[in-house]
Amino acid sequence: MSTTAFLSIDTPHGPEAVSVAYHREGSGEPLLLLHGIGHHRQAWDPVLRILAAERDVIAVDLPGFGESPALPDAVPYGLPEVGTVLSAFCAELGLDRPHVAGNSLGGMLSLELARRKLVRSATLLSPGGFWTPGERRYAFATLLAMRGGARLLPVPVIERLARTAAGRTALTSTIYARPWRRSPEAVVAETLALRNATGFDLTLAAGREVAGAATAEDVPGVPVTIAWGERDMLLPRRQGVRAKHVIPSARLIRLPGCGHVPMNDDPALVARVLLDATAAASLPSPASEHA
């Protein structure tokens with residue numbers, strides 16, 4: 001069950017009310033989880049309980065996705081604006097520099113929060129933004145095709161397809177390397193989330209302006225881990241190598257057998273990457289140990 005945070009953010013037109021749906025469980029250091037475009041917070045369900053055993057986990061529905069309503073008309077869906085919403089969200093929940101992990105669009109937003117020094121560490125799972133123009137066009141065309149299919153298929157057809165491994169593969173093989181592992185209920189829910197995402201078009205439009213703008217100087221003092229599925233069909237893994245060149249201080253990790261949304265393909269591996277990254281970021285530096 002979700003909880004809703006009611007926020008107020010400053011815009012050039014004055015304060016605007018924004019609400020964000022989220023689920024929170026576990027104990028320990030806070031870990032904010034951000035999903036990709038067209039998805040919802042349930043993308044993290046395969047790893048949620050593992051993480052919650054050691055972390056205070058907050059899985060968010062980004063504005064215009066899942067149960068979070070669209071942003072007000074005066075608020076764009078660019079990284080700076082959504083970053084401001086997430087900053088206000090953290091302040092509302094009393095999260096002082098949480099760890100953050102994001103997949104795809106969520107990875108881009110995680111890096112935005114790291115740039116602002118609002119997080120203790122950032123773990124990026126196949127983040128967007130490190131594409132060439134041709135790779136971006138391919139990814140966006142694929143996302144639009146997925147969205148079009150989700151909107152055209154009648155709900156009873158989606159439910160019928162989700163009951164078989166072949167049907168789940170047809171619906172979700174673009175983002176999962178092992179789509180048959182996804183439960184029928186989860187496939188129906190995420191297909192409808194893609195279909196009903198009020199923020200999809202404006203988020204995709206804003207993404208056309210993003211081109212791996214991060215630099216190592218942008219995130220001083222914030223440990224960054226980049227993990228990429230070896231079988232990512234949406235954003236090929238060579239973009240991970242490119243991201244490492246852009247952010248030389250980052251750790252780059254391969255995720256064997258995983259697709260673009262790796263949490264369902266190998267929950268144990270993804271959870272371990274997140275727990276290790278957040279644990280390493282919490283260790284005292286040699287300087288602080290001798291202070």
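Quick caveat, the model's predicted, so the values are computed rather than measured.
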(message) Tell me which pairs pass salt bridge (charged side-chain N to carboxylate O under 4.0 Å, His left out) where either residue lies in residues 69-94, with sequence neighbours left out.
(response) none
(message) Any heavy-atom pair between the side chains of Leu62 and Leu86 that's under 4.5 Å?
(response) yes
(request) Taking only Lys NZ, Arg NE, NH1 and NH2, and the carboxylate oxygens of Asp or Glu, determine whether Arg237 and Asp232 approach each other closer than 4.0 Å. (result) no
(request) Mind checking the OG-CD1 spacing from Ser110 to Ile226? Nearest 0.5 Å is all I need. (result) 11.5 Å
(request) Would you kindly say whether Thr174 and His260 are connected by a side-chain donor-acceptor distance under 3.5 Å? (result) no
(request) Please tell me if the side chains of Val60 and Leu33 come closer than 4.5 Å, counting only heavy atoms from C-beta onward. (result) no
(message) If you compare all heavy atoms of Ala101 against all heavy atoms of Leu31, which two are closest, and at what distance to 0.1 Å?
(response) N-CD1, 4.1 Å
(request) Grab the two heavy atoms, one from Val47 and one from Pro267, that are nearest each other, plus how far apart they are. (result) CG1-O, 3.5 Å
(message) Can you tell me how far apart CZ (Arg147) and OG1 (Thr191) are? Round to the nearest 0.5 Å.
(response) 12.5 Å
(request) Can you see which heavy atom on Trp228 is nearest to which on Gly240, and at what distance? (result) CE3-CA, 3.2 Å
(request) Report the C-alpha separation of Ile50 and Leu274 in whole Å, then their side-chain angles, then the decisive distance to 0.1 Å, and conclude whether the side-chain contact (heavy atoms from CB on, under 4.5 Å) test is met. (result) CA-CA 10 Å; Ile50 305 174; Leu274 266 61; over 6 Å; no
(request) State plainly whether one hydrophobic cluster holds both Leu71 and Leu202, where clusters connect Ile, Leu, Val, Met, Phe, Trp and Tyr through side-chain heavy atoms under 4.5 angstrom apart. (result) yes
(request) Please confirm whether the backbone N or O of Pro80 pairs with a side-chain atom of Thr84, one donor and one acceptor, at under 3.5 Å? (result) yes
(request) For the residue pair Glu16 and Pro72, establish whether any side-chain heavy-atom pair is separated by less than 4.5 Å. (result) yes
(request) Tell me whether Leu144 is reachable from Phe65 by hopping between hydrophobic residues (I, L, V, M, F, W, Y) whose side-chain heavy atoms are closer than 4.5 Å. (result) yes
(request) Hey, could you give me the CZ/NE2 distance between Phe200 and His39, rounded to the nearest 0.5 Å? (result) 12.5 Å
(message) Looking at every heavy atom in both Cys90 and Pro98, which two are closest together, and how far apart are they?
(response) SG-CG, 4.1 Å
(request) For the residue pair Thr225 and Ile253, establish whether any side-chain heavy-atom pair is separated by less than 4.5 Å. (result) yes
(request) Report the residues that fulfil side chain to side chain donor-acceptor pair (under 3.5 Å) with Gln42, sequence neighbours left out, ordered by chain and then residue number. (result) His40
(message) Between Ser121 and His99, do the side chains contain a donor N or O and an acceptor N or O under 3.5 Å apart?
(response) yes
(message) Please tell me whether Phe89 and Tyr22 form a close aromatic pair, meaning their ring centres lie under 6.0 Å apart.
(response) yes
(request) Say whether Tyr176 and Arg181, considering side chains only, have a donor N or O and an acceptor N or O under 3.5 Å apart. (result) no
(request) Side-chain contact test, heavy atoms from C-beta onward, threshold under 4.5 Å: evaluate it for Leu111 versus Ile247 and give yes or no. (result) yes
(request) Could you state whether Met263 and Val187 fall into the same hydrophobic cluster, counting links through intermediate Ile, Leu, Val, Met, Phe, Trp or Tyr residues with side-chain heavy atoms under 4.5 angstrom apart? (result) no
(request) Check whether any side-chain heavy atom of Phe140 sits under 4.5 Å from a side-chain heavy atom of Ile37, and report yes or no. (result) no
(message) Do Pro30 and Ile58 make a side-chain contact, defined as non-hydrogen atoms from C-beta onward lying under 4.5 Å apart?
(response) yes
(request) Is it possible for you to say whether Val261 and Val188 belong to one hydrophobic cluster, with membership spreading through side-chain heavy-atom contacts below 4.5 Å? (result) no
(request) Indicate if Leu171 and Val155 have the same hydrophobic cluster label, given that clusters are the connected sets of ILVMFWY residues with side-chain heavy-atom separations under 4.5 angstrom. (result) yes
(request) Identify the two heavy atoms, one from Pro46 and one from Ala43, that lie closest to each other, and give their separation to 0.1 Å. (result) CD-O, 3.4 Å
For residues 4-11, which side-chain donor-acceptor pairs fall under 3.5 Å, sequence neighbours excluded?
from: Thr11; atom 1: OG1; to: His13; atom 2: N; distance (Å): 3.1
from: Thr11; atom 1: OG1; to: Gly14; atom 2: N; distance (Å): 3.3
from: Thr11; atom 1: OG1; to: Gly14; atom 2: O; distance (Å): 2.6

(message) Using only atom types and a distance under 3.5 Å, with no angle test, would you say the side chain of Trp131 pairs donor to acceptor with the backbone of Ala139?
(response) no
(request) Please assess Arg151 against Met146 for the test side-chain contact (heavy atoms from CB on, under 4.5 Å), listing each intermediate value before the final yes or no. (result) CA-CA 9 Å; Arg151 298 179 81 175; Met146 292 173 61; over 6 Å; no
(message) Donor-acceptor pair, distance only, cut-off 3.5 Å: does the side chain of Tyr77 make one with the backbone of Gly64?
(response) no
(request) Salt-bridge test for Arg116 and Glu112: reply yes if a basic N is under 4.0 Å from a carboxylate O, no otherwise. (result) yes
(message) Main chain of Arg251, side chain of Lys244: is a donor-acceptor contact present, judged purely on distance under 3.5 Å?
(response) no
(request) To the nearest 0.5 Å, tell me how far Leu113 CG sits from Arg97 CZ. (result) 11.5 Å
(request) Ignoring hydrogens and angles, tell me if any N or O in the side chain of Ser104 forms a donor-acceptor pair with the backbone of Pro127 under 3.5 Å. (result) no
(request) Starting at OG1 of Thr172, measure out to CZ of Arg178 and round the result to the nearest 0.5 Å. (result) 13.5 Å
(message) So which atom in Asp266 and which in Cys258 form the shortest heavy-atom distance, rounded to 0.1 Å?
(response) CB-SG, 3.7 Å
(message) Does any part of the side chain of Met233, heavy atoms only, come nearer than 4.5 Å to the side chain of Ile175, both counted from C-beta?
(response) no
(request) With sequence neighbours left out, write down each residue that passes side chain to side chain donor-acceptor pair (under 3.5 Å) with Asp56, or none if nothing qualifies. (result) Arg24
(message) By the side-chain hydrogen bond (donor to acceptor under 3.5 Å, both in side chains) test, which pairs, at least two apart or in different chains, include something from residues 43-55?
(response) Glu25-Arg49, Arg55-Thr278
(message) Could you go through His35 and Asp61, starting from their C-alpha distance and side-chain angles, then the distance that decides it, and tell me whether this counts as side-chain contact (heavy atoms from CB on, under 4.5 Å)?
(response) CA-CA 7 Å; His35 61 76; Asp61 276 330; 4.2 Å; yes
(request) To the nearest 0.5 angstrom, please state how far the CG atom of Leu34 sits from the OG1 atom of Thr123. (result) 11.0 Å
(request) Check for a donor-acceptor pair, side chain of Asn103 on one end and backbone N or O of Gly106 on the other, with a separation under 3.5 Å. (result) no
(request) Give every residue pair that meets the salt bridge (charged side-chain N to carboxylate O under 4.0 Å, His left out) criterion with at least one member in residues 253-262, sequence neighbours excluded. (result) Glu230-Arg254
